[in-house]
Q: 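Below you'll find the structure I mean.
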Amino acid sequence: MESIDKIQGTFEKKHQDTAKPTVSDAVIKRLPRYHRYLGDLLSDGRLRISSAELSKIMNVTASQIRQDLNCFGGFGQQGYGYNIKYLHSKISELLGVTQGYTAVIAGAGNLGRALAATRMFGRRGVTRLALFDIDEKLVGSEIYGIKVYHIDELYDFCQQNNVSIGVLTVPKEASYKVAMTMARAGVKGIWNFASTELELDHDGVIVENIHLGDSLMKLCYEIKSRDEEGDNGED
């Protein structure tokens, strides 16, 4: 039987020989799910898995899994399946987990504190460097081990520390100004929780607008629809 190293070498060559493709948003949105499920499998001590087995776990067809991974050159071998550790590491690379990105959080209110507390960033290779706020009572303190600076220090801090990601949890009235400060300081991406659709007049900055309320309303709609279907089915 072929060794893991030989199989991995086959994967590497196939991946390297494939030109970088144009990948759809739908595939990109599924990559974090692959990363999460494969991470769970690794924690359980699994070494390999077939697309059919992975499809049952993720509730995605085996064909879809193969198509998604083939967008990046493919990582499996017929008759063997996927080397879970290798596939997880390659998806980590694709998602930038290994790039050493850094982040700051603007807004030390309830949501900012919650994001300071979560281990989500570290698990995805992002280091939180600082919090920023206008409240003088908070400035100079630490929240979950992260120092709070005054918002007026945001530009200099981001520029001097080559910050990759800015997280916005400020009121929506202040979101554009704070985001532009980050962008002008060289921040590459902004994760916006400010309850507004943010568009910046600055090239090269990627904005991900997050609307937690939209997700809650979608859930409410689905519950309501199911309840109405149940009512219509009664005798």
Q: Tabulate below the donor-acceptor pairs under 3.5 Å that side-chain atoms of residues 140-147 make, not counting sequence neighbours, or state none.
A:
from	atom 1	to	atom 2	distance (Å)
Ser141	OG	Leu138	O	2.4

Q: Residues sharing Met182's hydrophobic cluster, by side-chain heavy-atom contacts under 4.5 Å among ILVMFWY, directly or via others?
A: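 Grouped by the 4.5 Å side-chain rule, Val104, Leu129, Phe132, Ile134, Tyr149, Ile151, Leu154, Phe157, Val163, Leu168, Val170, Tyr176, Val178, Met180, Val187, Ile190, Leu198, Leu200, Val205, Val207 form the rest of the cluster around Met182.
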Q: What pairs meet the salt bridge (charged side-chain N to carboxylate O under 4.0 Å, His left out) rule with one or both residues in residues 198-227, with sequence neighbours excluded?
A: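 Salt bridge (charged side-chain N to carboxylate O under 4.0 Å, His left out) check on residues 198-227 returns Lys218-Glu222, Lys224-Glu228.
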Q: Of all the heavy-atom pairs spanning Val139 and Asp133, show the shortest one and how long it is.
A: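 Minimum heavy-atom separation between Val139 and Asp133: CG2-O, 4.1 Å.
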Q: Quick test of your reading: applying salt bridge (charged side-chain N to carboxylate O under 4.0 Å, His left out), list the pairs with at least one residue in residues 24-35, sequence neighbours left out, ordered by first then second residue.
A: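 For residues 24-35, and leaving out neighbouring residues, the salt bridge (charged side-chain N to carboxylate O under 4.0 Å, His left out) pairs sorted by first residue read Arg30-Asp68.
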Q: Would you mind listing every side chain to side chain donor-acceptor pair (under 3.5 Å) that reaches into residues 94-114, with sequence neighbours excluded?
A: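 Residue pairs with at least one partner in residues 94-114: there are none.
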Q: Can you tell me if His150 uses its side chain to pair, donor with acceptor, with the backbone of Asp152 under 3.5 Å?
A: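 Looks like yes, one N/O pair under 3.5 Å.
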Q: Which side-chain N or O atoms in residues 53-61 pair as donor and acceptor under 3.5 Å with protein atoms at least two apart or in another chain?
A:
from	atom 1	to	atom 2	distance (Å)
Glu53	OE1	Ser50	N	3.0
Glu53	OE1	Ser50	OG	3.3
Ser55	OG	Ala52	O	2.6
Thr61	OG1	Gln64	N	3.0

Q: Listing request: all ring-ring contact (aromatic ring centres under 6.0 Å, His included) pairs with a residue in residues 28-66, at least two apart in sequence or in separate chains.
A: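 Sorted result for residues 28-66: His35-His88.
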Q: Could you measure the distance from the CZ atom of Arg66 to the SG atom of Cys71? Nearest 0.5 Å is fine.
A: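 Reported value, rounded in 0.5 Å steps: 13.5 Å.
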Q: From Ile165 CD1 over to Ile105 CD1, what is the distance, rounded to the nearest 0.5 angstrom?
A: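 Atom-to-atom, Ile165:CD1 and Ile105:CD1 are 11.0 Å apart.
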Q: Out of curiosity, does Trp191 fall in the hydrophobic cluster containing Ile206 (side-chain heavy atoms, cut-off under 4.5 Å, transitive links)?
A: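 Different clusters: Ile206 never reaches Trp191 through Ile, Leu, Val, Met, Phe, Trp or Tyr contacts under 4.5 Å.
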Q: Under a single-linkage definition using a 4.5 Å side-chain heavy-atom cutoff for Ile, Leu, Val, Met, Phe, Trp and Tyr, are Leu31 and Val23 assigned to the same hydrophobic cluster?
A: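 Yes, Leu31 connects to Val23 through the hydrophobic network.
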Q: By side-chain contact (heavy atoms from CB on, under 4.5 Å), which residues pair with Lys85, not counting sequence neighbours?
A: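 Only Leu42, Asn83 meet the side-chain contact (heavy atoms from CB on, under 4.5 Å) criterion with Lys85.
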Q: Using the rule that two of Ile, Leu, Val, Met, Phe, Trp, Tyr join whenever any of their side-chain heavy atoms come within less than 4.5 Å, decide whether Phe193 and Met120 are in one cluster.
A: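 Yes: a chain of side-chain contacts under 4.5 Å links Phe193 to Met120.
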Q: Within the distance-only criterion (no hydrogens, no angle test), does the side chain of Arg124 pair as donor or acceptor with the backbone N or O of Val126 below 3.5 angstrom?
A: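 Not at all, since once roles are kept as given, no pair shorter than 3.5 Å links the two residues.
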Q: Quick one: list whatever passes side chain to side chain donor-acceptor pair (under 3.5 Å) with Thr118, sequence neighbours left out.
A: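 Partners of Thr118 under the side chain to side chain donor-acceptor pair (under 3.5 Å) test: none.
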Q: Apply side chain to side chain donor-acceptor pair (under 3.5 Å) to Lys137 and list each qualifying residue two or more places apart in sequence or on a separate chain.
A: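 By the side chain to side chain donor-acceptor pair (under 3.5 Å) rule, Lys137 matches no residue at all.
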Q: Does the side chain of Gln67 come within less than 4.5 Å of Ser63's, by heavy atoms?
A: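 Yes - at least one pair of side-chain heavy atoms lies under 4.5 Å apart.
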Q: Show your working on side-chain contact (heavy atoms from CB on, under 4.5 Å) between Phe72 and Lys90 and close with a plain yes or no.
A: CA-CA 10 Å; Phe72 306 98; Lys90 296 307 292 184; over 6 Å; no
Q: Working note: Tyr82 + Leu69, criterion side-chain contact (heavy atoms from CB on, under 4.5 Å); need CA distance, chi angles, decisive distance, verdict.
A: CA-CA 11 Å; Tyr82 297 106; Leu69 298 180; 3.6 Å; yes
Q: Identify, with sequence neighbours excluded, every residue that meets side chain to side chain donor-acceptor pair (under 3.5 Å) alongside Ser164.
A: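 By the side chain to side chain donor-acceptor pair (under 3.5 Å) rule, Ser164 matches no residue at all.
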Q: Looking at CG of Asn192 and CG of Asn209, how far apart are the two atoms once the value is rounded to the nearest 0.5 Å?
A: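 Spacing of CG (Asn192) from CG (Asn209) equals 4.5 Å.
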Q: Let me see the working for Leu115 and Val167 under side-chain contact (heavy atoms from CB on, under 4.5 Å), right down to the final yes or no.
A: CA-CA 9 Å; Leu115 291 172; Val167 184; 3.7 Å; yes
Q: Heavy atoms only: give me the nearest Lys172-Ala194 pair and the separation to one decimal.
A: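 Nearest pair, atom of Lys172 first, then Ala194: CB-O, 3.0 Å.
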Q: Other than Ile223, what residues sit in its cluster of Ile, Leu, Val, Met, Phe, Trp and Tyr side chains whose heavy atoms are under 4.5 Å apart, directly or through others?
A: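 Other cluster members: Leu219.
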Q: Nearest 0.5 Å please: distance from the CG atom of Asp40 over to the CZ atom of Arg46.
A: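 Taking CG in Asp40 and CZ in Arg46, the distance rounds to 12.0 Å.
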